[in-house]
There are 2 protein chains.
Amino acid sequence: MTGKLVAAELKRKGFKLTPQRRAIIGVISQSQEHLTPADIYAKLKAKHRGIGLVTVYRALNMLERSGMLCEVHIGDTCRSYLKRPSGHHHHLVCKGCGKVVDFSDCELDDLEQRVTQDTGFRIDRHLLEFLGRCPECQAGRRGKS
Amino acid sequence: MTGKLVAAELKRKGFKLTPQRRAIIGVISQSQEHLTPADIYAKLKAKHRGIGLVTVYRALNMLERSGMLCEVHIGDTCRSYLKRPSGHHHHLVCKGCGKVVDFSDCELDDLEQRVTQDTGFRIDRHLLEFLGRCPECQAGRRGKS
DNA sequence: GCCTAATTGAAAATGATTTTCATCCATAAC
DNA sequence: GTTATGGATGAAAATCATTTTCAATTAGGC
């Protein structure tokens, strides 16, 4: 989600690029962590005065419908934690600092095939996330838990 | 979660097995699908008169803290959908009827090791779910979506 | 610059979940 | 057998997240 690209993408889909949205996208793309709507709102209030939490929610919904965001499920909370890129990928979440690293080679095809054979399900989609502790959080006794 | 076992387990942990809890556990263990608190409450009101939604929430929290329930993340909703067993396992969710089938041979050790090498993370836990359509829902055009 | 439809913010509405509190009930203590 | 005790219950209220409503504003094409 590199500012420019998103801008172009938004235009292509007929959305307007307002200063508020620009700011919201900025916050998300600069953060290595997954952020809740409230997190984003908090970061925004510091700089851009007068932005509403409602606008954050609306922007997030729009960006998610456009496939420019994705959720993180594992960890303390679950619902509507968000993050960056697109394309098939999975998350490796640090439970110390919340940082999220992506990886894409999930190699679940074999398993998927076996499960399909065993159960007769037709599988559409999978959700895979790892939870752990990043090198920094292992070293310094940073973070929660 | 076979009635008897849960009863014993609850006693062991110092919880009381009240008629309400018995009913709640009954509903959950009889269902093949994942149920929200509201779902459970609805099923209960039919039979056991006068039970409160609050009690359902409290029972669910207790059962979850005791490790007798687990959440389902994938699908329409995410938060606090619940289901049965214990031990390391994963879910195969039917997006037609909501049925959930378990499987345990996830074979993610190799992948985990590789990710650990690449990133330096120490991995504690993973979340893996498949979403698909069960044989019945493939045959009859049952369910949503 | 003007027009239109999309966007915004505040307040209200909604929905889910938790807390409070008085009451109830089973059990252990006497 | 009665009494104290603590956990459990239900109703109502409180809280928190999210969505809707609505009037005012603004981006982007003309």
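Letters A, B, ... mirror the listed sequences (proteins, then strands); counts begin at 1.
Per the geometry, NZ belonging to Lys13(B) stands 17 Å off C1' belonging to dG7(D), to the nearest Å. We find that OH of Tyr41(A) is positioned 14 Å from P of dT18(D), with the value rounded to whole Å. Protein atom CZ of Phe15(A) is 12 Å distant from nucleotide atom C1' of dT7(C), rounded to whole Å. Arg22(A) has its CZ atom 16 Å from the C1' atom of dT8(C), to the nearest Å. Rounding to whole angstrom units, CG of residue Leu63(B) and P of dA8(D) are separated by 11 Å. Look at CE on Met62(A): it is 14 Å from P on dA6(C), rounded to the nearest Å. The separation between Tyr57(B) atom OH and dT15(D) atom P is 18 Å, rounded to whole Å. What separates CG of Leu17(A) from P of dG28(D) is a distance of 6 Å, to the nearest Å.
Put simply, NZ on Lys16(A) and CG on Leu10(A) are 13.0 Å apart, with the number rounded to the nearest 0.5 Å. Distance check, rounded to the nearest 0.5 Å: NE2 of His90(B) to CG of Asp102(B) gives 10.5 Å. One distance of note links NZ of Lys43(A) with CD1 of Ile51(A); it measures 14.5 Å at 0.5 Å rounding.
Less than 6.0 angstrom separates the ring centroid of His126(A) from the ring centroid of His88(A).
Checking Lys16(B) against Leu53(B), the closest nucleotide of DNA chain C that is more toward the 5' end is the one next to Leu53(B).
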For this session: Apply side-chain contact (heavy atoms from CB on, under 4.5 Å) to Met68(A) and Ile28(A), showing your working.
Result: CA-CA 11 Å; Met68(A) 294 189 232; Ile28(A) 297 171; over 6 Å; no

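Side-chain contact between Ile123(A) and Leu92(B) is present, with at least one heavy-atom pair separated by less than 4.5 Å.
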Exercise. What one-letter contact string describes nucleotides 9-14 of chain D from 5' to 3', where B marks a base within less than 4.0 Å of any protein heavy atom, S marks contact via sugar-phosphate atoms alone, and - marks no contact?
Worked result: BBBB--

